[in-house]
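Notes follow once the structure below has been shown.
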Amino acid sequence: MGCNEGGYTVAFGRLDADEAVGIEARESNVEKCRYLQDRIGLSNVRFVKGNVKQISREWLGEFDIVFASGILYHLDDPFDFLRR
């Protein structure tokens, strides 16, 4: 969540996650993420442009783990975010 330029997402992909998904709101950062992904060649990593305030299971599915470092204090209602 709020993956910035994709460093943690790539790290999780390198740790053999089945799938690592980075969500970022800024298009310029998503482009940097995708460039990194192409250079490293990880097929289990993907990046999505989107607003973490609007995430839902219907949009992204379910995950075993969500890494939301440095994003919670930006949210109006972090508890709602955590429930979703």
Side-chain angles (χ1 to χ4, degrees):
M1 302 293 175
C3 70
N4 198 8
E5 295 178 357
Y8 285 118
T9 307
V10 167
F12 294 134
R14 284 183 159 174
L15 290 171
D16 292 329
D18 289 340
E19 180 181 36
V21 179
I23 301 170
E24 175 57 46
R26 291 171 287 219
E27 183 63 37
S28 61
N29 284 352
V30 173
E31 290 173 14
K32 292 174 187 175
C33 291
R34 291 182 178 145
Y35 175 80
L36 177 63
Q37 178 184 13
D38 289 343
R39 298 293 296 163
I40 293 173
L42 292 172
S43 61
N44 62 338
V45 172
R46 71 179 167 115
F47 294 98
V48 177
K49 182 181 183 299
N51 185 338
V52 299
K53 294 178 182 179
Q54 298 171 342
I55 64 161
S56 68
R57 285 185 178 100
E58 294 78 27
W59 176 35
L60 294 169
E62 293 190 15
F63 294 86
D64 295 325
I65 298 170
V66 174
F67 184 71
S69 177
I71 192 78
L72 295 178
Y73 69 92
H74 290 288
L75 304 174
D76 299 331
D77 187 352
F79 295 106
D80 178 61
F81 169 80
L82 293 170
R83 277 189 292 277
R84 288 185 281 120

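Computed from a predicted structure; not experimentally measured.
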Side chains of His74 and Val52: does their closest heavy-atom pair fall under 4.5 Å? no
Just wondering, are more than 12 heavy atoms of other shown residues or ligands nearer than 6.0 Å to OH in Tyr8? no
Would one find more than 12 heavy atoms of other residues, nucleotides or ligands at under 6.0 Å from atom CG of Asp38? yes
Side chains of Val48 and Trp59: does their closest heavy-atom pair fall under 4.5 Å? yes
Backbone N or O of Asn29 within a donor-acceptor pair of the Glu5 side chain at under 3.5 Å? no
So with a 6.0 Å cut-off around CG of Asp64, is the heavy-atom count from everything else above 12? no
Check whether Leu82 and Ile71 end up in the same hydrophobic cluster, where Ile, Leu, Val, Met, Phe, Trp and Tyr are linked by side-chain heavy atoms less than 4.5 Å apart. yes
Could you give me the CA-CA distance, side-chain angles and deciding distance for Val66 and Met1, then say whether side-chain contact (heavy atoms from CB on, under 4.5 Å) is met? CA-CA 8 Å; Val66 174; Met1 302 293 175; 3.8 Å; yes
Is there a chain of hydrophobic side chains (I, L, V, M, F, W, Y, each step under 4.5 Å between heavy atoms) that links Val30 to Leu60? no
Could you measure the distance from the CD atom of Glu19 to the CG atom of Leu42? Nearest 0.5 Å is fine. 12.5 Å
Report the residues that fulfil ring pair (Phe, Tyr, Trp, His ring centres under 6.0 Å) with Phe63, sequence neighbours left out, ordered by chain and then residue number. none
Donor-acceptor contact below 3.5 Å, side chain Glu24 vs main chain Phe47: no
If I take atom CG from residue Leu72 and atom CZ from residue Phe79, how far apart are they, to the nearest 0.5 angstrom? 9.0 Å
What heavy-atom pair brings Asn4 and Cys33 nearest, and what distance separates the two atoms? O-SG, 3.5 Å
Heavy-atom side-chain contact between Val45 and Phe12 under 4.5 Å: no
OG1 on Thr9 to CD1 on Ile23, rounded to 0.5 Å: 9.0 Å
NZ (Lys49) and SG (Cys3) are apart, to the nearest 0.5 Å, by 12.0 Å
Are more than 12 heavy atoms from other residues, nucleotides or ligands located less than 6.0 Å from atom CG of Leu15? yes
Hey, does Asp77 have a side-chain heavy atom less than 4.5 Å from the side chain of Arg83? yes
